[in-house]
Amino acid sequence: MSVPLTYRLATAEDYPVILDIQRRAYLLKEAPLYGDDLPPLKEKPATIAAEVADGKQVLLAEQNGRVVGSLRFKRLADGSIYWGRLSVDPVLQGNGIGQRLVAEVEARHPDASGFVLDCGKHSDENRHIYTKMGYRETGEGFQVPGGPYVLVMRKDKA
């Protein structure tokens, strides 16, 4: 089932719903792999506000005016776009909303040199999806303070 979506950049008023969806999504998919003490489960609206003040933006996917997913992104010094904190309402997961959010960020940045994300080392399902979307593991990774070891994935412009 394809869910009709619209997209817009988040405002501070959206932060509580973003965090609600993020918590439910991470509890469902990531907490079983890494424990329930993950950084995304501890964030507050002030966390997003600080990231936005530092240059990140938050793209929302909406269905009938209701937020159903979000993704945070920022242009890096090398001209690529880093994105992360992809979260989709667990009730609607499996409908391609996450992939469509990623595609929307990519479409909004035709001048980007590429796209970069990090993905938990044990998040096989997510890495599989990102690989199908054209991302490849770079061989780089790092330990997230208070979180899992993550692998860096990149998609270069064709």
Side-chain angles (χ1 to χ4, degrees), residues 5-15 17-19 21-23 25-26 28-31 33-35 37-62 67-89 93 95-158:
L5 300 175
T6 56
Y7 304 95
R8 68 176 174 86
L9 294 177
T11 65
E13 292 78 29
D14 299 307
Y15 298 170
V17 72
I18 291 167
L19 292 172
I21 290 170
Q22 177 177 296
R23 280 187 194 97
Y26 275 73
L28 178 69
K29 296 282 187 169
E30 300 299 305
L33 299 172
Y34 305 107
D37 197 34
L38 292 167
L41 298 174
K42 300 176 190 175
E43 292 183 337
K44 307 277 187 232
T47 309
I48 300 174
E51 289 182 349
V52 168
D54 191 40
K56 277 191 182 170
Q57 294 181 295
V58 184
L59 183 66
L60 301 180
E62 293 182 313
V67 176
V68 297
S70 68
L71 178 151
R72 300 182 207 174
F73 64 95
K74 179 178 182 175
R75 184 174 296 273
L76 301 177
D78 70 358
S80 62
I81 302 294
Y82 166 81
W83 61 263
R85 290 294 195 267
L86 175 60
S87 302
V88 175
D89 188 325
Q93 287 183 7
N95 290 301
I97 294 170
Q99 292 178 55
R100 288 162 44 200
L101 267 164
V102 172
E104 182 69 17
V105 165
E106 292 174 355
R108 288 177 179 223
H109 297 91
D111 61 331
S113 62
F115 300 90
V116 181
L117 67 103
D118 52 65
C119 183
K121 180 179 180 180
H122 301 296
S123 299
D124 296 337
E125 181 181 351
N126 290 345
R127 286 197 344 268
H128 175 73
I129 291 168
Y130 302 147
T131 299
K132 283 182 14 182
M133 296 175 66
Y135 287 80
R136 61 173 174 72
E137 293 181 30
T138 65
E140 299 173 39
F142 58 93
Q143 180 68 46
V144 174
Y149 186 83
V150 297
L151 305 173
V152 177
M153 299 184 77
R154 182 174 180 92
K155 179 178 184 179
D156 291 314
K157 292 293 273 210

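Remark: the backbone N or O of V152 is paired with a side-chain donor or acceptor of T138 at under 3.5 angstrom. Judged by distance alone, the side chain of D78 and the main-chain N or O of S80 form a donor-acceptor pair under 3.5 Å.
Of all heavy-atom pairs between V144 and P39, the closest is CG1-CG, 4.1 Å. Closest approach of Y26 and P40 over heavy atoms only: CE2-CG, 3.3 Å. The shortest heavy-atom contact between M153 and T131 is CE-OG1, 3.7 Å. In plain terms, the two heavy atoms of V88 and A25 that are nearest each other are O-CB, 3.5 Å. Nearest heavy atoms, G147 versus L38: CA-CD2, 4.5 Å.
Take R8 and apply the side-chain hydrogen bond (donor to acceptor under 3.5 Å, both in side chains) test, not counting sequence neighbours, and it matches D14, E62. For R72, the salt bridge (charged side-chain N to carboxylate O under 4.0 Å, His left out) partners are E43, E51, not counting sequence neighbours. Considering only residues two or more places apart in sequence or on other chains, Q143 meets the side-chain hydrogen bond (donor to acceptor under 3.5 Å, both in side chains) condition with none of them. Shown here are the side-chain hydrogen bond (donor to acceptor under 3.5 Å, both in side chains) partners of K74, two or more places apart in sequence or in another chain: D54. In this structure K155 satisfies the side-chain hydrogen bond (donor to acceptor under 3.5 Å, both in side chains) test together with E106, sequence neighbours excluded.
No side-chain heavy atom of V58 sits less than 4.5 Å from a side-chain heavy atom of L71. Side-chain atoms of L28 and Q93, non-hydrogen and from C-beta on, do get closer than 4.5 Å to each other. Side-chain contact between R75 and S113 is absent, with no heavy atoms from C-beta onward closer than 4.5 Å. For the pair P45 and L19, the minimum side-chain heavy-atom distance is below 4.5 Å.
In this structure, CD on Q99 lies 9.5 Å from OH on Y130, to the nearest 0.5 angstrom. A distance of 8.0 Å separates OG1 of T11 from CG of L60, quoted to the nearest 0.5 Å. Here the CZ-NZ distance, from R85 to K56, works out to 7.0 Å after rounding to the nearest 0.5 Å. Between the CD1 atom of I97 and the OG atom of S87 there is a distance of 12.0 Å, given to the nearest 0.5 Å. Separating the OH atom in Y135 from the CG atom in D156 is a distance of 10.0 Å, to the nearest 0.5 Å. Atom CZ of F73 and atom CG of L101 lie 10.5 Å apart (nearest 0.5 Å).
In this structure, R108 pairs ionically with E104, as a charged nitrogen and a carboxylate oxygen lie closer than 4.0 Å.
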Less than 3.5 Å apart, which donor and acceptor atoms pair up between the side chains of residues 115-123 and the rest of the protein, not counting sequence neighbours?
residue, atom, partner, partner atom, Å
D118, OD2, Y82, OH, 2.9
S123, OG, E30, OE1, 2.8
S123, OG, Y34, OH, 2.9

